[in-house]
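Below is one structure, written out as structure tokens; the observations come after it.
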Amino acid sequence: MIRNKNILDLSEQEAEIELIELATEITVADKNYHELDDPKISDADYDLLKVRNREIEHRFPSLKLANSPSDKIGSTVSSAFSKVVHQVKMMSLSNAFSTDDILNFDERLKRYLNMPSTQNLEYTAEPKIDGLSLCIRYEDGQLVLASTRGDGSIGENVTENAKTIADIPHTIKNAPKLLEVRGEVYMGHKDFKKLNERQATAGEKVFANPRNAAAGSLRQLDPVITKDRPLRFFAYSWGAISEQLAASQYLAISKLAEFGFSTNPLTKNFKKVEGLLKYYKKIEKQRASLDYDIDGIVYKVNNLATQKRLGFRTNTPRWAIAHKFAAEKAWTKILSIEIQIGRTGALSPVARLLPVTVGGVVVSNATLHNEDYIYGFDNVGNPIRDGKDIRIGDWVQIYRAGDVIPKISDVDHSKREGDSKSYSFPSVCPKCGSAALREEGDAVRRCTGGLVCPAQAIERLKHFVSRKAFDIEGLGARQIEMFFNDSDLSIKEPADIFNIEERDNENSSKLKDRLGWGEKSASNLFEAINSKKEIEFAVLLFSLGIRHVGETAAKLVAAHYLKWTDFINSMDRARNDRTVEFEKFLSIDGVGSVMANSLFEAFLPGPQRESIDRLTNQLSIMDFPVNEVKDSLISNKIIVFTGKLERMSRDEAKVSAERLGARVAGSVSSNTDIVVAGPGAGSKARKAIELGVQIITEDDWFSLVENR
Ligand code: IVH
């Protein structure tokens, strides 16, 4: 339904009704798109619904529904198929957009592997297919299970459907006992066209693009329909496996081809990074003539032993990268510039745009980074966009790099109108009126309001409940905004979250009786909150949103202290004896003085510390989990690396030690168990001798950790 009434003219009652209608329409559209792969409305119309929903919520925050469509992201596992837990997580790829990104990737890997930059790493290159990934499991050469990627850990069981795809063998001769083949299900252009023609003639739904058609066909509840759909499959990787297929990526893929899988004939290997860049240009030219959609090139380190050393980050392998083809661009007009306040007070300018479609998605805002960026300068004062500034009313070129927030690539000054004025960046916080200052050398202007600034408080709370922090189901950014301004059941700081049920019990008007809530949703929320009263040390520390204490830093600190109480005691001791505690703290490998200062500051007596104490009094804080690796000779040991390491970088040494359950420290103390000393090890090795700590060479280290 198209709605024309200006949101400013809506009465509260009209808004209430419309929010419910919008939620219903968006839920139906989501289901059609994600589950039935049969969108009934255009992407642009869908975006309009979402925008209108958000805008009404913005005007009437208290009317926001508990399960508002604004809080939903991505696709979740559909309930129509049974769930499959992937034995080996299905990873995604990190993205690169330029030649420099790729050269940096190559250098980064060499640094990690401690290879001289003059030596070359060998890679494979192959097109990145725009389809959906599938994991096919063979036991004793028999296909036993096929599953979609889902969220990477849990997918959907689509075995019967996958079996109808001609490119997928049901049995494999001479296969390892266990083999999971992974690859992409896709539909060719010609087949897609024919399918759509057939669908149209039969009065059935027509698909928007080959990817949607492939997804919709694979996730049919009736495999007979899937069989009728022209699906194809390229194998490009593997998951759980009982024995290694080959020594290199290239040969492993050839082995999959021998087993009877279809592999991409454009897959090549290259002796060095330069070859990849030539290949990228060649395939980019060939792209239009291929019979299937590709959106970039995937590069993988060829040697599998090297892949193993490089390992994985949380969701992506270190040894692979996707080099995406250039993003689509579009011109549009800046309607206004809005300043958003971050949780640490940073003022971030955002351009509100005349909505424009870029790469199939409607874009209505773009980041403007900081004030220098608006005036045409980068962080170190060099001109960007030839020094052209950006003003309200300007025509700008927008692009989307991957899934990140749209950016501006150019501005057209020739379209500027006569009365255009240079943008004046605020020097006071637009939300609380406190001074907004820029520290020497900092590109960012910050609100000095601290705990007084409601915008910072809301952002801190949103961070507190975010996915990598407390991740409370049903308490997302939108609910935080609603509760923040709520007079009966307010959440002004994290501590308020954990006594909300108690307060609701004492109130005469109950949450369950409010519009958009009910018995079930209110009790679900309380349950979700209560289930998070037990929390890991590192997660808690990260959730506090202390400046410079991100996820990695929080883990480093937690891994060092192990117990929250030990950490707090150290912070409290620092009050009287700052230098000693500070020195000790800085011995944590990876910790610097900027982070240390910020952290110590947050735990000094004062309103911020009181707020933290109010929170932690209600929680049960779990110790940092020590990696219990069976048979590891170094689990729970504290290791110090010193001197020049020749076979690996410091990063790799650290990762390999931690993988085996050890902890790495930056300096030697009586707690140190092993010092790994390379050539030139000086004071740390001497100290180890003095303290009687075991000292070993890098070769000894390798024999200790090899093959584990
Ligand atoms: S390798 C551990 N190779 O891209 C590495 N992925 O953005 C796993 N994709 O989820 C991925 N073509 O669905 C790989 N030649 C290719 C690919 C490819 C398409 C997809 C795949 C993956 C996504 C990551």
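What you are looking at is a predicted structure, and each value in this text was computed from that prediction instead of being measured. Each ligand, and each atom within it, is numbered from 1 in the order the structure gives.
The distance from ligand 1 to the heavy atoms of Pro317 drops below 4.0 Å at these ligand atoms: 2 (C). Less than 4.0 angstrom separates some heavy atom of Lys300 from each of these atoms of ligand 1: 1 (S), 3 (N), 14 (C). For ligand 1, the atoms lying closer than 4.0 Å to a non-hydrogen atom of Glu126 are 3 (N), 15 (N), 16 (C).
Exactly one of Asn209, Leu290, Asp291 qualifies for a side-chain contact (heavy atoms from CB on, under 4.5 Å) with His189. That residue is Asp291.
Nearest approach of Ala162 to Leu134, heavy atoms of both residues: CB-CD2, 4.0 Å.
Between Phe207 and Phe192, the distance from one ring center to the other does not fall under 6.0 angstrom. Taking the six-membered ring where the residue is Trp, the centroids of His323 and Phe97 are separated by 6.0 Å or more.
Neither the backbone nor the side chain of Ala322 has a heavy atom within less than 4.0 Å of ligand 1.
The shortest contact between atom 13 (O) of ligand 1 and any protein heavy atom is with Glu184 OE1, 2.7 Å.
Taking any N or O of Leu132, backbone or side chain, none lies under 3.5 Å from an N or O belonging to ligand 1.
When the options Tyr236, Phe312, Phe234 are ranked by their closest heavy atom to atom 11 (C) of ligand 1, first place goes to Tyr236.
A donor-acceptor distance shorter than 3.5 angstrom exists from the side chain of Asn114 to the backbone of Glu646, with no hydrogens or angles considered.
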